[in-house]
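Read through the structure below, which is laid out as structure tokens, and then see the notes.
If you read the sequence from its start, that first residue is 1, and numbering goes on from there. Excluded from the calculations below are hydrogen atoms, water molecules and symmetry mates; all remaining heavy atoms, backbone and side chain alike, are included.
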Amino acid sequence: MSAVEEQLIVLLYLFAIAGAVGFVTARSVRVQYTTGLLIAGLLISIIGSPVEVELTSDFILLALLPALVFNDAIRIDVEALRENIVPILALAVVGLLVSITIITIVGPVVFGFSLVVAVLFGAIIMPTDPVSVLAVFEDLGVPERLNILVEGESLLNDGVSIVVYSSVLAVLVEAETRGVEVADFVTVSAFFADVGIGIVVALVGGALVGGAVGYVAYELIARVDDELTAVVISVLVAYGVYIFLDMLGSSGVIGTLTAGVFLASRVGKTDISPETNFTVEAIWGYAAFIANTIIFVALGIITPFDLLVEYAPQIAAAIVVVFLARAVVIYPLVGLLNRWMATRISRGYQHVLAWSGIHASVSIALVLGVSERFTGPLAEQLSALVFGVAAFTLLVNGPTMGRLIDRVGISKSRPPQRLYEVLVGRLHGVDAALETAEQLLEDDEIPTSVFEDITTVYRRERGELDAAIERLLDTYPDIREHEERLGQHRILIAEYEAISEAIQRGEISGDVGERLLNDVKVELDRVMSDEWTLEDPTPDGFTPYWRRELHRVGVEVGRDDHEMSGDDDVAGDAGRSAR
């Protein structure tokens, strides 16, 4: 039997397992598909697999990871990513480095690691892989902001962790080649300077290359606007950027992510047709599904149970250390960010972020890379710790995420709310159809009679949707209140940005601007805490800065002047602010 035939048999074997798991999970809402794959793989590993399955570091990092990253990138909400880029970067870069530092400090004491090996372990174990968590998010309908925070952090910290890992591994390989200790040829300061430079180069270089390739790819797809050609170009982009940057020693993850996000940001504002966009997204969705299927089944099958048993006490300690390292980063770091961000990250969101630290595909790929280069007790110890932590987080964090979300009151997926989302989603689709029909008529691509026939149907449906939405909002006032709060939140963000821009232009002084921004923050806090209502938008006892200044200089506003604001007493109203 040839090597190719053996590989095909392994793939068919994995897909057969996945098919059985899919059949079971489709009939059981209690088990997520990815969790079911891992459990099936673990059970097969215990009883013995009839087919030998191998999973290598290069196969995960070079064959599967680009598909996962590119699929997430082209589907990501670019506007939401842009709005939350500061906390995402803080968590993915600063947070990851701090958590690696914590592991570095604790590692020598708890696990007996050297300083360099402790850094290596931190880089391997701390990147997150929230596939099962995001599946729960989709089922429960969590707010978009929480989804983008978890997904964005995971995508970026993969790239940063791989850079740190590569730098540390190169030092260890060189030490082994020379037959000396690491400390004999590199100082601690030089080592960390190397890592720091590598991260900066990876982020900047990856973003520049990915953005440039993404732009060229967009131009090519827009010129051709052919579905199959677009798919071919997207494959070249995803894998070409990743492998090119990997060969240069930069971050393929960051490059592929940037290229995909660039393409996603242009779709809908370009000459790329909806059909082409739909085909590209569908193909990459299937590719990501297949990649995750292979990873999770194979991960379970190759789990070294003998090592898990041998290192059980250390695995338990590693689980505690990893959770503490993540919690120590999430809560203080987000607390600092909340001091100056216009839109704060609530405590409930912080709990979910801390619990979403699932460590799977990238961590497994990196530790497999160590096992492929080194043998002996150290490689076994690292493998046992990483596989143990990965199995625990996949089997515990993922399945319990739904209960945590319900407990902190984030989920909004009650049947009426889901119906509202269905109606609004369909309304967006109808509006897009009407706009497209008008464009086709403008371009003389359809006759007027056809345009009228088509739009008559869509306009009738739009009227029905409008009526249904209003009836639903009247029946369920809490949904109306939620949408009012959401609208007010967007309006307050616009206020905040307008005042900030006025400060930058020099139209208002910095101290005045800060006071006005603080007023907006007060109302944003009230919206975020779900205490805001149209009747009572601000806390009791709060008077906006502009009203206090009016009163201080003795300028009174007559009733006719301020009646539109709904205030009865402008100068003396210390109870509430009507905007």
Side-chain angles (χ1 to χ4, degrees), residues 78-91 93-95 145 148-149 152 203-204 207 265 331-347 349-350 484-579:
V78 178
E79 188 60 36
L81 179 65
R82 188 180 295 116
E83 290 174 358
N84 293 281
I85 193 64
V86 171
I88 288 172
L89 281 173
L91 291 171
V93 181
V94 179
R145 190 184 190 208
I148 200 71
L149 286 172
L203 290 173
V204 177
S265 67
Y331 295 106
L333 183 57
V334 172
L336 287 174
L337 291 171
N338 280 341
R339 290 190 174 188
W340 59 274
M341 281 197 310
T343 307
R344 302 190 177 198
I345 300 173
S346 69
R347 180 64 73 175
Y349 279 26
Q350 294 174 44
E484 287 173 348
R485 282 197 299 271
L486 184 61
Q488 181 65 14
H489 178 266
R490 291 173 176 168
I491 291 169
L492 288 171
I493 291 295
E495 284 189 42
Y496 191 93
E497 291 175 350
I499 295 170
S500 298
E501 290 170 3
I503 297 172
Q504 293 173 2
R505 291 193 301 268
E507 295 176 3
I508 56 177
S509 61
D511 62 326
V512 169
E514 285 301 318
R515 291 173 181 270
L516 293 172
L517 290 175
N518 287 336
D519 285 348
V520 179
K521 286 181 180 178
V522 169
E523 297 194 41
L524 274 168
D525 286 344
R526 196 165 175 82
V527 171
M528 291 297 292
S529 63
D530 288 343
E531 297 174 358
W532 180 90
T533 62
L534 282 174
E535 295 76 20
D536 189 19
T538 51
D540 291 340
F542 172 76
T543 303
Y545 171 65
W546 69 272
R547 289 189 184 280
R548 295 198 305 272
E549 286 297 291
L550 278 177
H551 182 61
R552 187 177 67 81
V553 299
V555 175
E556 299 293 334
V557 181
R559 178 175 297 275
D560 292 341
D561 295 325
H562 70 85
E563 192 170 16
M564 290 180 64
S565 72
D567 236 12
D568 291 331
D569 184 0
V570 173
D573 183 11
R576 125 177 94 207
S577 136
R579 299 189 67 83

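A donor-acceptor distance shorter than 3.5 angstrom exists from the side chain of Asn338 to the backbone of Ile345, with no hydrogens or angles considered. Side chain of Arg145 to main chain of Thr343: a donor-acceptor pair is present (N/O by atom type, distance under 3.5 Å, no hydrogens or angles). A donor-acceptor pair is defined here as one N or O able to donate and one able to accept, closer than 3.5 Å; no such pair exists between the side chain of Asp519 and the backbone of Pro544.
By the 6.0 Å contact criterion, CZ on Arg505 is enclosed, its count of non-hydrogen atoms from other residues, nucleotides or ligands being greater than 12. The 12-atom threshold is exceeded at CZ of Arg548, counting heavy atoms of other residues, nucleotides or ligands nearer than 6.0 Å.
In this structure, the separation between CD on Glu497 and CD on Gln504 is 10.5 Å, given to the nearest 0.5 Å. The distance from atom CD1 of Ile493 to atom CD of Glu83, rounded to the nearest 0.5 Å, is 7.5 Å. Leu149 contributes atom CG, which lies 5.0 Å from atom CG of Asn84 (distance to the nearest 0.5 angstrom). Note that the CD1 atom of Ile88 and the CG atom of Leu81 stand 5.0 Å from one another [nearest 0.5 Å].
Residues Pro87 and Leu337 approach most closely at CA-CD1, 3.9 Å, considering heavy atoms. When all heavy atoms of Arg344 and Met341 are compared, the closest pair comes out as CG-O, 4.2 Å. Nearest heavy atom pair, residue Trp340 against residue Tyr496, reads O-OH, 3.9 Å.
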### Task
Assess whether side chain to side chain contact (heavy atoms under 4.5 Å, CB included) is satisfied between Val334 and Leu91, documenting all intermediate values.
CA-CA 8 Å; Val334 172; Leu91 291 171; 4.3 Å; yes
### Task
Could you please spell out the steps behind the side chain to side chain contact (heavy atoms under 4.5 Å, CB included) verdict for Ile85 and Arg82?
CA-CA 5 Å; Ile85 193 64; Arg82 188 180 295 116; 5.7 Å; no
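Between Ile499 and Ile508, some side-chain heavy-atom pair lies under the 4.5 Å cut-off. Two residues are said to be in side-chain contact when any heavy atoms from C-beta on lie closer than 4.5 Å; Leu517 and Ile503 meet this criterion.
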